[in-house]
Undergrad: 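Just dropping this structure here.
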Amino acid sequence: MSKGHMDKKPVIPIKAGSLEKTRTSSTVTVFFEGAVRKKTLALVFIFILQVPVLYYLYTTEVSAYVNMKQDIKSTSSMSSISKLCANGSCTNTKNLLKLRKWAQRYPARSSLRHMVNIVEPSTTAAPSTTVAPNEDNLSNMTKTEQLQNETILPVETTTIPSTTTSTVSSSTTTESTTTTTTESTTTTTTTTTEATTTTTTVPEKPAEAGEDAILPDCPETPPDLQGNIDVSFAHTAPEMSKLEADNPLVKDGGHYKPPYCKALYKVAIVIPYRDREEHLRYFLEYMHPTLQRQQLDYAIYVVNQAGTGKFNRAKLMNVGYAESIKDHDFQCFAFHDVDLVLENDKSIYSCPSSPRHLSAGVDKFNYQLPYSAIFGGVTELTKEQFQKVNGYSNSFWGWGGEDDDMFNRVKFSGMNIIRYPMDISRYKMITHQREKGNEPNPKRFDQIRKTKDTMANDGLNTLEYKVVSKQKNKLYTNVTVDIMAPAR
Ligand code: UD2
Ligand code: MN
């Protein structure tokens with residue numbers, strides 16, 4: 001086909017007025033056309049009206065939501081979450097979970113914990129306030145341990161009052177009172193003097209804040225446990241200021257609570273003490289992080305024997321118990337030599353249903369039990385168990401025997417001691433000489449033979465002491481105490 005032929009388009013004739021005719025031919029159509037026009041106008045009008053409304057919604061609600069999501073997703077805008085939650089818009093579970101995650105990632109940010117506390121009450125059911133004892137499996141015990149669980153007849157029931165006959169001279173301290181002790185205590189005082197501003201008046205009754213109620217329970221198995229801990233005393237123990245900086249969440253008398261869950265155990269760590277300043281710093285260096293990983297609500301009490309008389313480890317334990325329960329509602333007590341450092345954090349300081357001997361394996365004894373009935377080093381008893389045995393004896397002056405007497409008390413009260421498996425019960429002991437004033441107690445063998453007869457009238461119910469000073473340092477509560485020691 002030629003090009004000219006292709007360009008010729010057919011012309012369709014239109015009759016004049018035909019379209020007009022079609023449009024106006026029906027009154028019905030006209031009516032509808034009008035209606036449609038009006039409707040369109042109305043729709044257009046409505047649409048126009050929607051614009052500012054939609055714009056308003058977008059700029060406020062939608063963008064806020066988008067921003068919030070971005071903020072929460074972002075790993076660098078903690079302040080955004082803070083703002084979101086602080087103004088009350090962070091109330092749904094997802095955001096809370098995010099917030100909690102954040103808070104866990106940055107435990108040092110007390111503001112985050114504070115926010116969790118503020119936001120959570122409305123969304124989290126309050127968990128029960130009772131402390132569940134850990135189920136300990138006796139089958140975990142070795143043969144030697146089982147041997148020592150032979151049944152011993154319980155002693156006659158004795159009424160043990162929970163109060164002591166202590167005389168608390170003062171709740172605040174002056175430097176001069178503590179410097180009257182030994183040279184090394186003076187060094188400790190340097191630390192406590194630095195912390196003078198944190199010294200607080202010790203309340204008569206435990207002041208338990210209700211803040212715990214809003215946190216979920218911590219898990220039975222703490223997630224951050226690492227198992228074996230590399231403990232060494234080859235280096236010089238860090239200065240107290242460094243230890244304080246390393247443990248920012250420990251405060252107010254060496255007290256720590258897990259920030260984002262409610263601890264299952266409230267534990268007082270009671271340390272009998274005199275003139276072991278470097279040991280204490282090693283202890284704090286290793287034990288604070290370990291106890292934090294164990295997610296315990298714990299505080300450390302260093303019970304410092306004043307003066308130079310004969311040392312009495314057991315009586316100091318009783319004082320630590322009596323003083324700690326004035327401060328907090330502790331349910332569990334770990335009686336702990338200052339020179340023992342735990343080497344496996346799976347040995348959780350949770351009081352079980354039976355008194356527990358924690359330091360079964362000590363490097364000094366080749367990580368073997370020296371004898372099956374040993375109950376020295378580190379032990380744990382619940383408040384009820386400790387009251388049941390009337391605490392420790394107050395009458396063991398000098399080295400030895402007080403631990404065996406406690407073993408007898410437990411047995412004569414109808415209880416057995418238990419232990420963790422030997423691969424977990426591992427401690428390193430700081431090497432030391434025996435101090436003057438802690439010479440072996442020659443009466444100890446005779447005393448141990450009589451536990452059954454003496455325990456009812458020698459212990460918590462006959463405890464007398466005088467608090468020289470009680471100071472809440474950052475990493476531990478120092479109780480310097482006059483226990484009326486005979487001269488060495
Ligand atoms: C064993 C026991 C210990 C205790 C002692 C006998 C183990 C692992 N250890 O330890 O629990 O029964 O025999 O009394 O089973 N202390 C001071 N300053 C002193 C003297 C003692 O702070 O001047 C404290 C300190 O906490 C020390 C503890 O008392 O760790 C026990 O004294 P030790 O270490 O001299 O006795 P040791 O190692 O023979
Ligand atoms: Mn020792």
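Start at 1 and go down the list; that is how both ligands and their atoms are numbered.
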Undergrad: For ligand 1, is H279 a contact, meaning one of its heavy atoms is under 4.0 Å away?
TA: no

Undergrad: Looking only at heavy atoms, is any part of D403 under 4.0 Å from ligand 1, and if so is it the side chain, the backbone, or both, or is it neither?
TA: side chain

Undergrad: Does the residue S359 have a heavy-atom contact with ligand 1, meaning some pair of atoms that are separated by less than 4.0 Å?
TA: no

Undergrad: Any atom of ligand 1 sitting under 4.0 Å from a heavy atom of Q305?
TA: no

Undergrad: Answer yes or no: is there an ion pair linking K474 with D252, defined by an N-O contact shorter than 4.0 Å?
TA: no

Undergrad: Would you call the rings of Y256 and Y298 parallel, tilted or perpendicular, where under 30° means parallel and over 60° means perpendicular?
TA: tilted

Undergrad: Taking distance alone, with N or O pairs closer than 3.5 Å, would you say H336 contacts ligand 1?
TA: no

Undergrad: Under 3.5 Å between some N or O of ligand 1 and some N or O of R313?
TA: yes

Undergrad: Between N441 and W397, which heavy-atom pair has the shortest distance, and what is it?
TA: CB-O, 3.1 Å

Undergrad: Should you measure from each heavy atom of G376, which atoms of ligand 1 turn up under 4.0 Å away?
TA: 7 (C), 11 (O), 15 (O)

Undergrad: Nearest protein heavy-atom contact for atom 31 (C) of ligand 1: which residue, which atom, what distance?
TA: D337 OD2, 3.6 Å

Undergrad: Starting from atom 12 (O) of ligand 1, which protein heavy atom do you reach first, and at what distance in Å?
TA: E402 OE2, 2.6 Å

Undergrad: Could you check whether any side-chain heavy atom of R419 comes within less than 4.5 Å of a side-chain heavy atom of I417, counting everything from C-beta outward?
TA: yes

Undergrad: Nearest protein heavy-atom contact for atom 13 (O) of ligand 1: which residue, which atom, what distance?
TA: W399 NE1, 3.2 Å

Undergrad: Quick check: are there more than 12 heavy atoms from other residues, nucleotides or ligands sitting under 6.0 Å from CG of D446?
TA: yes

Undergrad: Who's the nearest protein heavy-atom neighbour of atom 25 (C) of ligand 1, and how far?
TA: P272 O, 3.5 Å

Undergrad: For the Mn ion (ligand 2), which protein N/O/S atoms are closer than 2.8 Å?
TA: D339 OD2, H432 NE2

Undergrad: Using a cut-off of 6.0 Å, state whether more than 12 heavy atoms not belonging to K428 lie near its atom NZ.
TA: yes

Undergrad: Before giving the answer on ring-ring contact (aromatic ring centres under 6.0 Å, His included), spell out for H357 and F407 the whole-Å C-alpha distance, their side-chain angles and the decisive distance to 0.1 Å.
TA: CA-CA 10 Å; H357 181 227; F407 179 83; 9.1 Å; no

Undergrad: What is the minimum heavy-atom distance between G253 and A299, and which atoms define it?
TA: O-CB, 4.2 Å

Undergrad: Is G400 in polar range of ligand 1, meaning some N or O pair under 3.5 Å apart?
TA: yes

Undergrad: Do I418 and S354 make a side-chain contact, defined as non-hydrogen atoms from C-beta onward lying under 4.5 Å apart?
TA: yes

Undergrad: Within less than 4.0 angstrom of ligand 1, does N438 place any heavy atom?
TA: yes

Undergrad: Run the numbers for me: atoms of ligand 1, each under 4.0 Å from some heavy atom of R434, listed by number.
TA: 39 (O)

